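Accompanying notes for the structure given below.
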Amino acid sequence: MELRPYAPPTFWTPQGAWAKRRQLERKGFPTDLRDWRFITLTLDPKDYEDPCIAWLLGKRHLREFIYRLKKEYKFTRWCWKLEFHEADELGRIYPHWHLLIEHKTKIDKDRISELWGKGRTNIKRVDKQDFDYLFKYATKAIESIPDWILSRTNVRLFQTSKGFFPPAPIPADDVEKQNNEIASPRDGEDGPVPETQNYDRHFETIGERLKRWSRYVVSRSTSPEGHVTHQMFEMLCDSWGQLLVRIGRIKISSRISCLDLTVRENCIQTSCLNYLSAYLPASI
């Protein structure tokens, strides 16, 4: 059996960002971004003293900017990613956006600044060698989550234009799937949730969601016949890190042979769940 921290595909956590990248790759994220344009858009703190208000207004500014940019430069495929600056001297953490557009001819940097008009801008042409770096940068985890974000219930971190991904293959006889639009991945797809939990995820804050995720682990076991089974467990201890510490103490202090219990940075491997019975009360 192998236990790993629960990591839904989301940019909020490092493990989740890795899963999100895999999700985008499977969905068909473009592999040749040569000559695309990569635009960074920031907000001037002098005009927006409150970072939360800056984010709320910035979302509207971003929609208007993309609309005007598309109208002027005639591109159709684009995606953007929300990021956050490091805290300034007053402890404020401001948002900024990275916009990737399929436009392969020159765009005047002064025109970009004029169209945005809300803060500093930067534009660069992507060459083929930049793809891995750019993709990792565009799909990295959020490193600094502002307090004003943790108290909100829904924050979109990534969005694509219609047609950004190739159409998913749909069985001809599957009418229901044919009638559903193929949407780009969205944050909040956090997998199965215990039915016993008496909360409404529509009103769960980002901070509450992160805390809930930190209390789950997922097991992966293989039967003698080769069948793989996944189960989710809720931990009695407060976090994955605390579970690692406690299991490590078991290995150090226990007189029981621990040859079948291996502790790694992000993984616990064991052939005996009894070691974990005090920390994993029941499967979900």
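The structure displayed is predicted, hence computed values, not measured ones.
In this structure the side chain of T262 never reaches within 4.5 angstrom of the side chain of T270, judged on heavy atoms. At least one side-chain heavy atom of L24 sits less than 4.5 Å from a side-chain heavy atom of F158.
In terms of the side-chain contact (heavy atoms from CB on, under 4.5 Å) criterion, residue partners of L210 (sequence neighbours excluded) are, by chain and number, W12, T13, I145, L150, I206, W213. Listed by chain and residue number, E2 satisfy the side-chain hydrogen bond (donor to acceptor under 3.5 Å, both in side chains) test with R4 (two or more places apart in sequence, or in another chain). Applying the salt bridge (Lys or Arg N to Asp or Glu O under 4.0 Å) test to E114 and every residue at least two apart in sequence or in another chain returns R111. A search for side-chain contact (heavy atoms from CB on, under 4.5 Å) contacts involving R77 returns P30, W36, E102, S161, F164, not counting sequence neighbours. By the ring pair (Phe, Tyr, Trp, His ring centres under 6.0 Å) test, F75 is found to be paired with no residue, residues two or more places apart in sequence or in another chain being considered. Applying the ring pair (Phe, Tyr, Trp, His ring centres under 6.0 Å) rule to H61 yields no partners; only residues at least two apart in sequence or on another chain are considered. Every residue two or more places apart in sequence or in another chain was checked for a side-chain hydrogen bond (donor to acceptor under 3.5 Å, both in side chains) with R215, and none qualifies. Taking Y279 as the reference, nothing meets the ring pair (Phe, Tyr, Trp, His ring centres under 6.0 Å) condition, with sequence neighbours excluded. Applying the side-chain hydrogen bond (donor to acceptor under 3.5 Å, both in side chains) test to D35 and every residue at least two apart in sequence or in another chain returns R125. Checked against salt bridge (Lys or Arg N to Asp or Glu O under 4.0 Å), R220 has no partners two or more places apart in sequence or in another chain. For E225, the side-chain contact (heavy atoms from CB on, under 4.5 Å) criterion is met by S223, H227, not counting sequence neighbours. For D147, the side-chain hydrogen bond (donor to acceptor under 3.5 Å, both in side chains) test picks out no residue, with sequence neighbours left out.
No chain of hydrophobic side-chain contacts below 4.5 Å, direct or via other Ile, Leu, Val, Met, Phe, Trp or Tyr residues, connects V245 to Y216. A single hydrophobic cluster is not seen to contain both W18 and W240; linkage of ILVMFWY side chains at heavy-atom distances under 4.5 Å, directly or through other members, places them apart. In this structure, I268 is not a member of the same hydrophobic cluster as L236, with clusters built from ILVMFWY side-chain heavy atoms closer than 4.5 Å.
Across P51 and W148, no two heavy atoms sit closer than the pair CB-NE1, 3.5 Å. Summarising the geometry of R209 relative to E204, their closest heavy-atom pair is NH2-O, 3.4 Å, with the distance given to 0.1 Å.
If you look at Y73 and H103, their ring centroids are closer than 6.0 Å. Two rings, from F84 and H96, have their centers 6.0 Å or more apart.
Remark: E72 does not engage K70 in a salt bridge, criterion side-chain N to carboxylate O under 4.0 Å. Of the charged side-chain nitrogens involved, at least one lies within less than 4.0 Å of a carboxylate oxygen, so that R34 and D32 count as a salt-bridged pair.
With a 6.0 Å radius and a threshold of 12 heavy atoms from other residues, nucleotides or ligands, R68 has its CZ atom above the threshold.
The main-chain N or O of T40 is never found under 3.5 Å from a side-chain atom of W116 such that the two would form a donor-acceptor pair.
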